[in-house]
Amino acid sequence: MVAKSSFDQMALSTVEYQEFCKFLRDSAGIDLGDNKQYLVATRLRRVMSEIECPSFSELTKLVKRSENFRLRQRVIDDMTTNETFWFRDLYPFDYLKNTAFPALYKNNPQARIRIWSAACSSGQEPYSLSMTVEECLRQNYSMRNMAVDIVATDLSSEVLQQARSGIYDQLSISRGLSPERLKSYFDDVGEGKWKAKSLIQNRISYRALNLLDGYVTLGKFDIIFCRNVLIYFSAETKREILIKLHNALRPNGLLFLGSSESLAGATDYFDMVHCNPGVLYRAKAR
């Protein structure tokens with residue numbers, strides 16, 4: 001048995017760090033880069049204490065075994081950054097409400113608009129999208145029959161469970177959700193928590209998905225949000241993912257990336273569209 005206090009003092013050797021980075025890259029496509037030993041040690045300290053694992057080298061060996069699926073998923077969950085906000089950056093949601101939704105509905109009022117929230121984390125993004133749909137419908141009576149389906153995916157099973165529940169505490173609510181939207185779209189369920197109303201929950205479906213895998217079973221989308229996740233991948237992997245995202249879009253479909261992300265070598269697949277203050281990407285015909 002390893003004393004609990006000793007886990008707080010554990011550090012990765014260079015060899016251990018390289019071994020763990022290879023595991024994470026092969027399993028989830030995440031490229032930590034150099035000198036992130038402290039980050040790994042901090043995030044994995046709890047799970048190592050719980051299973052009384054004596055070293056990071058031993059932990060890497062354990063998660064590689066096929067029978068340790070739950071442990072492997074736990075480690076990947078712990079290494080995945082799930083910090084997120086409501087209506088992050090604002091402009092993508094304003095663009096949808098004022099430009100994209102009206103244009104899509106005008107072109108084909110009978111069609112169901114399909115949106116994919118990739119790497120949805122604990123659900124703030126898909127719920128923000130669903131609230132945007134509601135606000136668009138409220139300000140455009142002529143579009144009252146517009147139907148929208150939102151597919152939300154994430155690698156982490158833990159955050160997907162949180163997203164499905166639609167329940168958030170005060171700290172989560174405070175990150176970008178206005179009092180007006182809280183009142184309109186959430187119910188107070190006591191103990192300082194709020195639950196998303198069914199009118200914004202019902203158009204969202206959730207699914208576990210690794211962005212390194214295929215997307216064919218998801219179908220085609222009009223709009224894809226893949227924001228603040230490509231920064232964790234190598235340049236080659238980013239390009240591969242962007243090409244697969246292009247293939248998942250309908251003709252002229254829209255792709256939203258994070259404000260600090262770019263097309264990473266896939267400029268031949270998308271046209272840049274300035275929507276002031278930000279940009280989005282429109283799928284080119286191939």
Side-chain angles (χ1 to χ4, degrees), residues 1-85 88 117-125 152-165 167-172 174-176 206 208-213 226-234 237-238 241 258 260-261:
M1 178 181 289
V2 182
K4 287 189 176 182
S5 59
S6 67
F7 288 104
D8 296 332
Q9 303 171 11
M10 277 189 174
L12 284 82
S13 68
T14 300
V15 172
E16 286 178 319
Y17 180 68
Q18 290 173 346
E19 289 176 346
F20 181 78
C21 285
K22 185 178 186 307
F23 154 74
L24 200 61
R25 188 165 51 248
D26 293 343
S27 301
I30 297 172
D31 190 355
L32 289 178
D34 299 326
N35 303 318
K36 299 287 180 66
Q37 287 92 329
Y38 178 77
L39 173 68
V40 174
T42 301
R43 294 197 175 184
L44 298 184
R45 188 174 292 142
R46 178 179 295 179
V47 67
M48 291 182 68
S49 176
E50 289 175 3
I51 66 174
E52 299 185 352
C53 184
S55 69
F56 289 100
S57 179
E58 181 63 25
L59 180 66
T60 302
K61 291 177 182 177
L62 288 172
V63 295
K64 285 182 177 180
R65 295 175 186 168
S66 59
E67 67 270 20
N68 291 333
F69 172 80
R70 291 186 181 277
L71 176 61
R72 181 166 63 254
Q73 186 63 52
R74 166 75 183 279
V75 168
I76 292 173
D77 286 355
D78 287 347
M79 289 307 304
T80 304
T81 300
N82 296 310
E83 181 89 0
T84 187
F85 304 87
R88 190 168 188 169
S117 171
C120 71
S121 190
S122 49
Q124 282 87 338
E125 182 174 271
T153 68
D154 199 276
L155 174 66
S156 169
S157 55
E158 182 178 349
V159 296
L160 280 176
Q161 184 176 355
Q162 157 84 62
R164 285 192 186 96
S165 76
I167 298 174
Y168 297 91
D169 59 19
Q170 180 61 55
L171 178 60
S172 299
S174 68
R175 292 174 172 167
Y206 295 93
L209 181 81
N210 188 330
L211 286 175
L212 298 182
D213 297 336
C226 187
R227 311 186 70 223
N228 306 298
V229 62
L230 293 181
I231 55 176
Y232 299 107
F233 298 108
S234 66
T237 303
K238 287 178 188 176
I241 291 173
S260 63
E261 295 172 319

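Please read these numbers as outputs of a predicted model, since none were measured by experiment.
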Is the shortest heavy-atom distance from the side chain of I76 to the side chain of S156 under 4.5 Å? no

Closest non-hydrogen atom pair, G258 against E261: N-OE1, 2.6 Å

Would a 4.5 Å heavy-atom cut-off, applied to side chains only, mark S174 and L171 as touching? yes

For a side chain to side chain contact (heavy atoms under 4.5 Å, CB included) check, start with the C-alpha distance between F85 and E125, then their side-chain angles and the critical distance, and finish with the verdict. CA-CA 7 Å; F85 304 87; E125 182 174 271; over 6 Å; no

To the nearest 0.5 Å, what is the distance between CZ (F56) and CZ (R45)? 7.0 Å

Say you draw a straight line from CD1 of I231 to OG of S260; how long is it, rounded to the nearest 0.5 Å? 5.5 Å

Partners meeting side chain to side chain contact (heavy atoms under 4.5 Å, CB included) with Q161 (sequence neighbours left out): none

For S13, is there any backbone N or O sitting under 3.5 Å from a side-chain donor or acceptor partner on Q37? no

Checking F69 now: which residues fulfil side chain to side chain contact (heavy atoms under 4.5 Å, CB included) with it, not counting sequence neighbours? R72, Q73

Measuring only between side-chain heavy atoms, which start at C-beta, is R175 closer than 4.5 Å to Q124? no

Hey, does V63 have a side-chain heavy atom less than 4.5 Å from the side chain of N68? no

Evaluate F20 against Y17 for ring pair (Phe, Tyr, Trp, His ring centres under 6.0 Å), listing each step before the verdict. CA-CA 5 Å; F20 181 78; Y17 180 68; 7.8 Å; no

Taking it one step at a time, do L62 and V75 satisfy side chain to side chain contact (heavy atoms under 4.5 Å, CB included)? CA-CA 11 Å; L62 288 172; V75 168; over 6 Å; no

Under 6.0 Å from the CD atom of E158, do we count more than 12 heavy atoms belonging to anything else shown? no

Flag side-chain contact, heavy atom, 4.5 Å: C120 against T84: no

Distance-minimising heavy-atom pair for A163 and S121: CB-O, 4.0 Å

What's the spacing between T42 OG1 and K36 NZ if we round to 0.5 Å? 12.5 Å

Within-4.5 Å side-chain heavy-atom neighbours: V40 and L24: no

Donor-acceptor contact below 3.5 Å, side chain E16 vs main chain S57: yes

Just how far is it from atom CG of L211 to atom OG1 of T237, taken to the nearest 0.5 Å? 11.0 Å

To the nearest 0.5 Å, what is the distance between OG (S234) and CZ (R25)? 8.0 Å

Side chain to side chain, D154 and L209, heavy atoms closer than 4.5 Å: no

Could you give the distance from CG (L44) to CZ (R74), rounded to the nearest 0.5 Å? 9.0 Å

Hey, is K64 close enough to E19 for a salt bridge, meaning N to O under 4.0 Å? no

